[in-house]
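Working notes, structure below.
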Amino acid sequence: MPELDRGCEVTSLAMLLQHAGVDVEKMELAEKIKKENTPYKNENGTYYYGNPNDGFVGDIYTFDKMGYGVFHGPVADLAEKYLPGRIEDLSGSSFDEVLGKIKNGKPVWVIINADFRALPESEFRIWNTPSGQVKITWKEHSVVITGYDREHVYVNDPLNKMKNRKLSLTDFEEAWKQMGSQAITYKN
C-alpha cells in the first residue's frame with residue numbers, strides 16, 4: 001500500500017528477493033507478474049474467471065476494478081527470472097520442511113489468509129476458469145515467514161508495518177494447509 005491495493009504477493013516476493021541480495025521493488029514485480037483476464041462470459045452465458053494458478057487475476061493496482069491475486073506458480077516463475085536456478089518451490093511440502101528452511105536462515109514466501117487461522121468453508125468459492133475449477137477465498141493473502149519458535153511463527157506482512165509479527169504457529173499452519181500449502185524460498 002498505497003500503490004498496490006492487491007499487491008501482497010509481489011510485495012512479499014520483493015522481501016524474499018531483497019533478502020537474497022536482489023535489488024528489486026514491488027512495483028517492478030507488479031508490472032512483470034503474469035496476468036490473467038477476469039471475468040469474461042462464454043457463448044452459453046456462463047461466467048469464467050482467471051485462474052490464480054495461471055497468473056494474477058484482475059487488477060493488482062486498485063480496488064476500483066475487479067481483481068483477486070495470484071498463487072505460487074506464477075510467483076515462482078517470476079522469482080526464477082531474478083535468481084535463475086535458485087528458486088525452490090516448497091508447495092505441497094510439509095510445514096516442518098518449511099520451518100527447516102527458516103531454521104537454515106532462509107525466509108519463506110507463503111500464501112495464507114488474512115485471518116492467519118483456518119477459515120470456515122463458507123469463506124470459500126469455486127470458480128470456473130478456462131483451465132479448470134479453482135477454490136478461492138476473498139481473504140487470500142501472502143506474507144514472508146522470517147522465524148519461528150515452539151508456539152509462534154514470525155512474519156513480515158505487507159499489510160502490517162511491524163517486522164517479525166508474532167502469530168500462533170498452530171493456527172498459521174492450519175491456515176497455510178487450507179490454502180494449498182503454497183510456499184517458495186531460494187537456495188544459495
Side-chain angles (χ1 to χ4, degrees), residues 1 4 6-26 29 33-34 52-53 56 68-121 123-124 134-188:
M1 299 286 195
L4 300 172
R6 292 186 188 92
C8 61
E9 301 95 345
V10 295
T11 303
S12 292
L13 178 59
M15 290 182 228
L16 181 77
L17 292 173
Q18 288 168 8
H19 187 272
V22 178
D23 184 19
V24 65
E25 296 294 328
K26 66 182 180 182
L29 297 173
I33 190 76
K34 184 179 176 194
N53 291 301
F56 193 96
Y68 177 68
V70 64
F71 289 164
H72 71 97
V75 173
D77 290 346
L78 179 58
E80 187 69 31
K81 293 177 182 175
Y82 291 88
L83 291 173
R86 293 180 57 201
I87 296 302
E88 187 173 2
D89 192 337
L90 302 169
S91 300
S93 298
S94 71
F95 198 63
D96 285 341
E97 188 171 341
V98 169
L99 296 180
K101 300 299 178 182
I102 295 160
K103 184 177 182 178
N104 290 329
K106 297 293 186 268
V108 178
W109 175 101
V110 297
I111 291 290
I112 192 78
N113 68 59
D115 290 353
F116 302 107
R117 59 181 164 73
L119 299 173
E121 278 304 307
E123 291 286 345
F124 290 89
V134 65
K135 186 176 180 180
I136 67 104
T137 177
W138 292 112
K139 292 189 174 190
E140 184 265 342
H141 191 39
S142 178
V143 298
V144 176
I145 306 173
T146 58
Y148 73 97
D149 59 34
R150 289 177 46 173
E151 296 180 13
H152 304 96
V153 293
Y154 299 87
V155 302
N156 286 350
D157 179 353
L159 295 178
N160 188 307
K161 293 182 182 181
M162 179 191 331
K163 287 185 178 185
N164 302 312
R165 180 179 178 194
K166 181 167 64 170
L167 301 166
S168 163
L169 179 97
T170 304
D171 288 347
F172 192 95
E173 180 179 359
E174 288 174 11
W176 177 73
K177 287 178 181 176
Q178 189 180 45
M179 293 300 295
S181 302
Q182 300 179 64
I184 65 171
T185 192
Y186 68 92
K187 304 179 262 190
N188 287 334

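No hydrogens, no waters, no symmetry mates; every other heavy atom, side chains included, goes into these values.
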List the residues meeting side-chain hydrogen bond (donor to acceptor under 3.5 Å, both in side chains) with [X], not counting sequence neighbours, and say none if there are none.
| X | answer |
| --- | --- |
| Asn156 | none |
| Ser142 | Trp109 |
| Thr137 | none |
| Asn188 | Lys106 |

Set of side chain to side chain contact (heavy atoms under 4.5 Å, CB included) partners for Pro74, sequence neighbours left out: Ile33, Val70

Residues forming a side chain to side chain contact (heavy atoms under 4.5 Å, CB included) with Asn53, sequence neighbours excluded: Asn51, Phe71, Val134

Contact summary for [X] and [Y], nearest pair of heavy atoms:
| X | Y | result |
| --- | --- | --- |
| Pro107 | Gly105 | CD-O, 3.8 Å |
| Leu78 | Tyr82 | O-CD1, 3.3 Å |
| Ala118 | Ala175 | N-CB, 3.9 Å |
| Ala183 | Asp89 | O-OD1, 3.2 Å |
| Ser12 | Val143 | OG-CA, 3.4 Å |
| Ile184 | Ala76 | CG2-CB, 3.9 Å |

Test item: Asp77 and Lys34 side chains (from C-beta on) under 4.5 Å apart, heavy atoms: no

Side-chain heavy-atom pair Phe116, His141 within 4.5 angstrom cut-off: yes

Please round to the nearest 0.5 Å and tell me the distance separating atom [atom1] of [X] and atom [atom2] of [Y].
| X | Y | atom1 | atom2 | value |
| --- | --- | --- | --- | --- |
| Leu29 | Glu9 | CG | CD | 11.5 Å |
| Ile112 | Met179 | CD1 | CE | 8.0 Å |
| Leu119 | Gln178 | CG | CD | 5.0 Å |
| Asn164 | Ile145 | CG | CD1 | 12.0 Å |

Whether [X] side chain and [Y] backbone form a donor-acceptor pair below 3.5 Å:
| X | Y | value |
| --- | --- | --- |
| Glu80 | Gly85 | yes |
| Gln182 | His72 | yes |
| Thr11 | Pro158 | no |

When the side chains of residues 17-25 are checked against the rest of the protein, which donor-acceptor pairs come out under 3.5 Å, sequence neighbours left out?
{"unit_1": "Gln18", "atom_1": "NE2", "unit_2": "Val24", "atom_2": "O", "d": "2.7"}
{"unit_1": "His19", "atom_1": "ND1", "unit_2": "Tyr186", "atom_2": "OH", "d": "2.6"}

Steps toward side chain to side chain contact (heavy atoms under 4.5 Å, CB included) verdict (Leu4, Lys26): CA-CA 9 Å; Leu4 300 172; Lys26 66 182 180 182; 4.0 Å; yes

Evaluation steps, side chain to side chain contact (heavy atoms under 4.5 Å, CB included), between Phe124 and Ile136: CA-CA 6 Å; Phe124 290 89; Ile136 67 104; over 6 Å; no

Chi angles and distances behind the side chain to side chain contact (heavy atoms under 4.5 Å, CB included) call for Tyr68, Phe56: CA-CA 7 Å; Tyr68 177 68; Phe56 193 96; over 6 Å; no

Qualifying side-chain hydrogen bond (donor to acceptor under 3.5 Å, both in side chains) pairs with a residue from residues 166-176, counting only residues at least two apart or across chains: Glu173-Lys177

With sequence neighbours left out, which residue pairs that include part of [range] fulfil the salt bridge (Lys or Arg N to Asp or Glu O under 4.0 Å) condition?
| range | value |
| --- | --- |
| residues 147-157 | Asp157-Arg165 |
| residues 91-105 | Glu88-Lys101 |
| residues 110-119 | Asp115-Arg117, Asp115-Lys139 |

Glu121/Lys135 ion pair, N-O < 4.0 Å: yes

Stepwise side chain to side chain contact (heavy atoms under 4.5 Å, CB included) test for Thr185 and Leu16: CA-CA 7 Å; Thr185 192; Leu16 181 77; 4.3 Å; yes

Any pair counted as ring-ring contact (aromatic ring centres under 6.0 Å, His included), so long as it reaches residues 146-173, sequence neighbours left out: none

